[in-house]
Visitor: 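Mind having a look at this structure? Questions to follow.
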Amino acid sequence: MIDRNIKELFPILNRTIYGKRLVYFDNGATTQKPKQVIDRIVQSYEQENSNVHRGVHYLSELSTEAHENARKRVAEFIGGEQEEIIFTRGTTESINLVARSYIEGFCKAGDEILFSAMEHHSNMVPWQMAAERCGLTFKAIPVKDDGTLDIDAYKKLLSDKTRLVAVTHTSNVLGTVNPIKEIAAIAHEAGAKILVDAAQAIAHTKVNVKELGVDFLAFSGHKMYAPTGIGVLWGKKELLEAMPPFMGGGEMIDHVTLEHTTYGALPYKFEAGTPNYVGSAALASAIDFMDSIGIENIHAHEEMLLKYATEKLNQIERVHIIGNAPEKSGIISFIVDGAHHYDIGLMLDKMGIAVRTGHHCAEPIMTRFGISGTVRISFAVYNTTEEIDIFIEALKKILNLLR
């Protein structure tokens, strides 16, 4: 069970919007931050701030210890090894790293990349760019009417030329939870590697890289109660060791002369420049926060909210939910007959309710369903059924106004 007083741990949730207490249903875009994460950021700047690794003085040692302990904490959280954890700015940078270092380092003209039609642009555009640079072909795995991936079509798309399959764990539009373990096994059977975008999964369900059997996994801190600007790429050690560096600069070197440079060991060869050591410490604090509640409890709570909100929305005439997969996470996208999603979002905001509207950086899936955008509500650990009731009543009022 989730403590009903958990909202009190999130300072921003106590504020009012247009005279009404904030109802925050935009967690798919970013989650709010608990006090302990905010306090960890303040502690870093007030008591520890110094660049990591290169200093021999006390503050640098404190900062370095916090940064590397965070790497260890992340590794434990997802079931990886410490040296396999690469700190990035977020999911997008993590995927671009693989698109540069793995695709361009090991693929040749005529090879193929597969991604699904439900991907966020960040798990689509980098592969398209890599394909253009290297003469590769990319193919999209189709999506069925209920919002699930067409696994039979996926199997047929694979060939001996497929080098990488890139797929989201959980769709940021449909809420679909993909069968990653099965998708990974099929990819490996065909001789391909698999990268998983776990941005929409990492704060909502258990994600263990060994259990999933994947080769790369990417996620962002800001969607899991941590600050912006910190993310993670996990990769199998043997792959990361074989891949060339993504960027050059300080920290990622072993030895530099005027003529030649040798590169550092994992994970540092992929972390050029000063890392976000404040963000990494706060990310570790966010993981501690989630562990204190229990990821299973978070998952069960959000599953309850999803079921409750789905039932309420299905009772409203003119409302149509986009994506009805049997396995869904706490995301609901919907459209309304005769009303534009943007107008609904603006009017909900005036009632103190924060939602997301538009194509959600996933235009191909909008095209697949023949729509321009949706209203999206997405849940986190601090949301409640009472908030859903407030949202439903507000939506009904809006639809009466827009009739």
Side-chain angles (χ1 to χ4, degrees), residues 27-31 70-71 73-81 84-99 102 114-116 118-124 126-127 141 149 164-185 187 193-226 228 230-236 239-240 279-280 283-284 286-287 290-291 295-296 298-299 302 325 327-331 360-362 378-381:
N27 298 287
T30 195
T31 53
R71 196 187 308 275
R73 190 73 182 88
V74 172
E76 292 170 346
F77 188 64
I78 64 171
E81 302 299 324
E84 296 172 327
I85 302 300
I86 313 298
F87 284 125
T88 65
R89 290 181 299 159
T91 306
T92 299
E93 184 174 292
S94 296
I95 293 171
N96 275 272
L97 191 161
V98 179
Y102 181 74
L114 266 60
F115 50 76
S116 86
M118 68 171 65
E119 299 306 312
H120 188 282
H121 294 164
S122 62
N123 201 24
M124 190 176 292
W127 312 118
I141 306 165
L149 277 183
L164 184 87
V165 175
V167 66
T168 185
H169 185 295
T170 302
S171 168
N172 75 310
V173 174
L174 308 171
T176 302
V177 178
N178 285 317
I180 296 300
K181 194 171 183 179
E182 178 187 2
I183 293 169
K193 305 300 182 187
I194 179 169
L195 176 142
V196 171
D197 171 359
Q200 294 294 341
I202 195 70
H204 309 286
T205 191
K206 181 182 178 183
V207 175
N208 183 290
V209 292
K210 288 187 173 64
E211 291 178 4
L212 292 175
V214 300
D215 300 293
F216 300 101
L217 186 108
F219 58 91
S220 300
H222 74 95
K223 296 183 192 291
M224 54 185 295
Y225 310 104
T228 58
I230 186 70
V232 170
L233 171 69
W234 171 87
K236 287 182 176 176
L239 294 175
L240 294 174
S280 61
L283 174 59
I287 292 173
M290 288 191 293
D291 273 355
I295 196 69
E296 297 84 1
I298 294 173
H299 178 78
E302 293 173 355
E327 294 294 326
K328 281 190 66 172
S329 186
I331 292 171
H360 315 299
C361 294
S378 47
F379 305 123
V381 67

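Throughout, residue positions are numbered sequentially from 1 according to the sequence presented.
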Visitor: Which heavy atom of Gly213 sits nearest a heavy atom of Ile194, and at what distance?
Guide: O-CG2, 4.4 Å

Visitor: Could you check whether any side-chain heavy atom of Val232 comes within less than 4.5 Å of a side-chain heavy atom of Phe77, counting everything from C-beta outward?
Guide: no

Visitor: For residues His169 and Val177, determine if any side-chain heavy atom of one lies less than 4.5 Å from a side-chain heavy atom of the other.
Guide: yes

Visitor: Count the heavy atoms of every other residue, nucleotide or ligand shown that sit under 6.0 Å from NZ of Lys206, and state whether that count exceeds 12.
Guide: no

Visitor: Using only atom types and a distance under 3.5 Å, with no angle test, would you say the side chain of Lys193 pairs donor to acceptor with the backbone of Val165?
Guide: no

Visitor: Sequence neighbours excluded, which residues qualify as side chain to side chain contact (heavy atoms under 4.5 Å, CB included) partners of His299?
Guide: Thr205, Glu303

Visitor: To check you understand the geometry: which heavy-atom pair defines the closest contact between Phe115 and Asn123, and what is its length?
Guide: CB-O, 3.9 Å

Visitor: Nearest 0.5 Å, please: how far is CD1 in Ile230 from CD in Glu93?
Guide: 9.5 Å

Visitor: Working to the nearest 0.5 Å, report the span between CD1 of Ile295 and CG of Asn208.
Guide: 12.5 Å

Visitor: So do Met224 and Ile287 actually touch side chain to side chain, heavy atoms under 4.5 Å?
Guide: yes

Visitor: For Asn172 and His360, which heavy atoms make the closest approach, and how far apart are they?
Guide: ND2-O, 2.9 Å

Visitor: Just so I know, are the side chains of Asp215 and Tyr102 near enough to count as touching, which here means a heavy-atom distance under 4.5 Å?
Guide: no

Visitor: Is Lys210 salt-bridged to Glu81, going by a charged N under 4.0 Å from an acidic O?
Guide: yes

Visitor: Which atoms form the tightest heavy-atom contact between Asn27 and Ser378, and what is the distance?
Guide: ND2-O, 2.8 Å

Visitor: Would you please name every residue forming a side chain to side chain contact (heavy atoms under 4.5 Å, CB included) with Ala185, sequence neighbours left out?
Guide: none

Visitor: State the CG-NE2 distance between Asp197 and His120, to the nearest 0.5 angstrom.
Guide: 8.0 Å

Visitor: Between Trp127 and Leu114, is there a side-chain heavy-atom distance shorter than 4.5 Å?
Guide: no

Visitor: Which heavy-atom pair separates Ser220 from Thr91 by the least distance, and what is that distance?
Guide: OG-OG1, 2.6 Å

Visitor: If you take all heavy atoms of Ala70 and Phe87, which pair is closest and at what distance?
Guide: C-CZ, 4.0 Å

Visitor: State the CG-CD1 distance between Leu212 and Ile78, to the nearest 0.5 angstrom.
Guide: 10.0 Å

Visitor: For Ala75, is there any backbone N or O sitting under 3.5 Å from a side-chain donor or acceptor partner on Glu84?
Guide: no

Visitor: Are Val207 and Phe219 side-chain neighbours, meaning at least one heavy-atom pair lies under 4.5 Å?
Guide: no

Visitor: Between Lys181 and Glu211, is any pair of side-chain heavy atoms under 4.5 Å apart?
Guide: no

Visitor: Are the side chain of Thr176 and the backbone of Asn178 linked by a donor-acceptor contact shorter than 3.5 Å?
Guide: no

Visitor: Under 3.5 Å, side chain of Thr30 to main-chain N/O of His222, donor-acceptor pair present?
Guide: yes

Visitor: Which value, rounded to the nearest 0.5 Å, describes the distance between Asn96 atom CG and Leu233 atom CG?
Guide: 11.0 Å

Visitor: Strictly distance-based, threshold 3.5 Å: is any side-chain N or O of Thr168 a donor or acceptor partner for the main-chain N or O of Glu119?
Guide: no

Visitor: Picking from Ile141, Val214, Leu149, Val196, what satisfies side-chain contact (heavy atoms from CB on, under 4.5 Å) with Ile183?
Guide: Leu149

Visitor: Do the side chains of Thr170 and His204 get nearer than 4.5 Å, heavy atoms only?
Guide: no

